[in-house]
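Below is one structure, written out as structure tokens; comments come after it.
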Amino acid sequence: MIPAVFYRFVTLAILLLCSISVKSQIVISNKNFSFGTTGRIGFGYSPDIEGHTGRQLNLLNQGSLGGRMDQGDYVDLLPSFHFMPVNANKEQTAIDFQVRLAFYSSNGTFLGNVNSGSTDGMIVSLPEAFVEARNIVGSQWSVWAGARYMRYDDVHIADYFYFDDHSSQGFGIKYKKSSFSMFFPAAIDTTSSGMGTPYSYSNIITGNKSLTYRQREVMVAEHSFNLSRKHIVKLLAEYHHVPAVSKNATPDFPSDNGFVAGFKINSELETQKIGSFNQFSMRYGTGIANGGDNGNTQTWRTFGAPGIEDKTYKGAYSFTIVEHLMLNLSNRISLNPYAVYTQSKGGADTMDKAPDFYNRDIYNYKTDLAVGTRVIYYMTNWFHLVSELHYTARQDSNNPTASMVKFALAPTIVPTAERSPWARPHLRFIAEVSRYNDYAKNAMYSPFLQQAGQKRFGTYFGVRSEWWVF
């Protein structure tokens, strides 16, 4: 349990930090407005599906592990305000206000053909709205508060933000290379949306049922340091807590906790062309902090079932190891291999299925494995031949292992004429083929197979644009 005195201490610390004052009037200068956007849109086509709608070939419950070229449409709009107050001593504070408006298509529909009122149409959200003040009055202190995509390195070709994805709502304080943040990711959930630790309950203090929810409190400490000029280590520690609700509540839930620890090493590599690196990370979470599934890595997304007797996640864990490599070998070719392994167990004392808080039998143990690579051959400055090869495997509890091999070929037009893995926008012509093992085929363990039926091979074709503009 996190005592109330802790919150008073944090509030006092923030007030003291903000009390750094100047003796002269602050003048606002360098007013700026910027507008960024990221997105991917186009069409997908699967001839083996009766309706010819495009569906992702990857295994179920793995998100885009196995490749993201067959992901659906999305558009993010990022308006930001930037300004810099200057005092008489010329000490400056960089202040940013950023909002992210997100638009996603649902159920394979094309974003331009639907709206928020369409059935299985457009999903609209506001994942970012925050203010950040950096280098306050020339110091090395920075603070932020609001909702933000608080995530860092990712395996881009699998859309996998590993190790330190804290994206949620909260606040943070940073001094030099050390930071402390608190996040509050809970929301009202239901029997259809709630998995893992539930938050919603009915408050009956007035005699009537009033739907409300309990909060999850996540404390995150991070510190980075240089082993050498080309090697940076990041350390991570987290503590999670959900309070008990029993008095005047139905249903009642016990309190629960969880911890996370991990490290990440980011190394710059010397190759003929600059920009090569190696990233390696290990992370271990316990209790309710054992989250990470379906391509998401947030530790607050608790996995598995609670203990049958005490309804807590005592004994739950999750272990994840990631290797990510970028090799810009020459002006002709770049390689981008990766490997991800995750093993997770819930709070129930079984490796098989167990009842969750709503008495649904869910898997209490799983392993994920994904290895793959992207090869980019720069045929000309503006025409790149992109190919990918992936192998993924998933085992749920005592079920047999489902596996897939996928090959993708994407001739790509790059109008900026830059020979770089990060050059955007891309206009891609995509062709993919996948092969499933017996269990994946028979269990229809893929979004594609759920539409096409029990097939050994899957196919996907499409034309899509992808852009990042900041």
Side-chain angles (χ1 to χ4, degrees), residues 36 38 63-65 68 76 78 80 94 96 98 100 102 127-130 132 134-135 140 142-183 185 218-227 230-240 260-269 275-285 289 291-293 295-301 318-326 336-342 370 421-422 424 468 470:
T38 68
S64 289
L65 287 174
R68 64 183 296 178
D76 283 359
L78 293 88
S80 299
D96 297 317
Q98 180 169 301
R100 181 185 295 257
E128 282 196 318
F130 69 93
E132 182 176 30
R134 290 174 283 110
N135 304 120
Q140 298 192 63
S142 299
V143 296
W144 67 271
R148 69 184 300 182
Y149 271 169
M150 197 74 171
R151 57 191 192 182
Y152 301 94
D153 296 325
D154 71 316
V155 179
H156 169 71
I157 66 174
D159 198 20
Y160 189 73
F161 285 85
Y162 62 95
F163 187 72
D164 46 10
D165 184 357
H166 313 303
S167 301
S168 183
Q169 192 153 319
F171 70 90
I173 304 171
K174 184 175 183 179
Y175 179 71
K176 294 184 178 180
K177 295 182 178 181
S178 300
S179 66
F180 172 81
S181 307
M182 285 198 70
F183 299 93
V218 181
M219 295 190 294
V220 179
E222 296 169 293
H223 177 69
S224 298
F225 61 93
N226 287 72
L227 280 178
K230 295 185 177 182
H231 303 279
I232 300 174
V233 175
K234 183 174 185 179
L235 305 178
L236 168 70
E238 300 179 13
Y239 172 68
H240 297 223
V260 177
F263 71 92
K264 176 173 62 176
I265 302 176
N266 208 326
S267 302
E268 179 184 336
L269 303 180
S276 298
F277 60 79
N278 183 71
Q279 297 166 344
F280 176 81
S281 73
M282 295 179 65
R283 190 182 73 183
Y284 188 80
D293 199 21
N296 296 304
T297 65
Q298 292 101 334
T299 52
W300 47 263
R301 297 181 182 270
S318 181
F319 172 73
T320 301
I321 183 170
V322 175
E323 168 65 26
H324 184 216
L325 188 63
M326 174 64 75
N336 187 196
Y338 75 97
V340 175
Y341 176 76
T342 299
W422 313 115
R424 295 297 184 276
W468 313 321
F470 295 102

Self-check item: Between S181 and H166: side-chain donor-acceptor atoms closer than 3.5 Å
Solution: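 Checked: S181/H166 side chains show no N/O donor-acceptor pair below 3.5 Å.
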
Self-check item: D164/R151 salt bridge by N-O under 4.0 Å criterion
Solution: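 Not counted as a salt bridge, because no side-chain N and carboxylate O are separated by less than 4.0 Å.
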
Exercise. Please work out which of the three classes, parallel, tilted or perpendicular, describes the rings of W144 and F183, given edges at 30° and 60°.
Key: tilted

Under 4.5 Å between any side-chain heavy atoms of [X] and [Y], yes or no?
{"X": "Q98", "Y": "L78", "result": "yes"}
{"X": "F280", "Y": "F263", "result": "yes"}
{"X": "P337", "Y": "L325", "result": "yes"}
{"X": "M326", "Y": "W422", "result": "yes"}

About how many Å separate [atom2] of [Y] and [atom1] of [X], when rounded to the nearest 0.5 Å?
{"X": "E222", "Y": "K234", "atom1": "CD", "atom2": "NZ", "value": "4.0 Å"}
{"X": "R283", "Y": "T320", "atom1": "CZ", "atom2": "OG1", "value": "5.0 Å"}
{"X": "S142", "Y": "N135", "atom1": "OG", "atom2": "CG", "value": "5.0 Å"}
{"X": "D153", "Y": "Y162", "atom1": "CG", "atom2": "OH", "value": "4.5 Å"}
{"X": "N266", "Y": "N278", "atom1": "CG", "atom2": "CG", "value": "8.0 Å"}
{"X": "K176", "Y": "Q140", "atom1": "NZ", "atom2": "CD", "value": "5.0 Å"}

Can you list, pair by pair, the side-chain donor-acceptor contacts under 3.5 Å of residues 167-174, counting residues two or more places apart and other chains?
from : atom 1 : to   : atom 2 : distance (Å)
S167 : OG     : M150 : N      : 3.3
S167 : OG     : D165 : OD1    : 2.7

Practice problem: Kindly give the heavy-atom pair with the smallest separation between A147 and F130, and that separation in Å. | Solution: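 Heavy-atom minimum between the residues: O-CD2, 3.5 Å.
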
Quiz item: How far apart are the closest heavy atoms of V218 and P185, and which atoms are they?
Solution: CG2-CD, 4.1 Å

Practice problem: Verify whether the ring centers belonging to F277 and H324 lie closer than 6.0 Å. | Solution: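 Yes: the rings meet the under 6.0 Å criterion.
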
Quiz item: Do H156 and W468 have ring centroids that are under 6.0 Å from one another?
Solution: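 Ring centres of H156 and W468 closer than 6.0 Å.
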
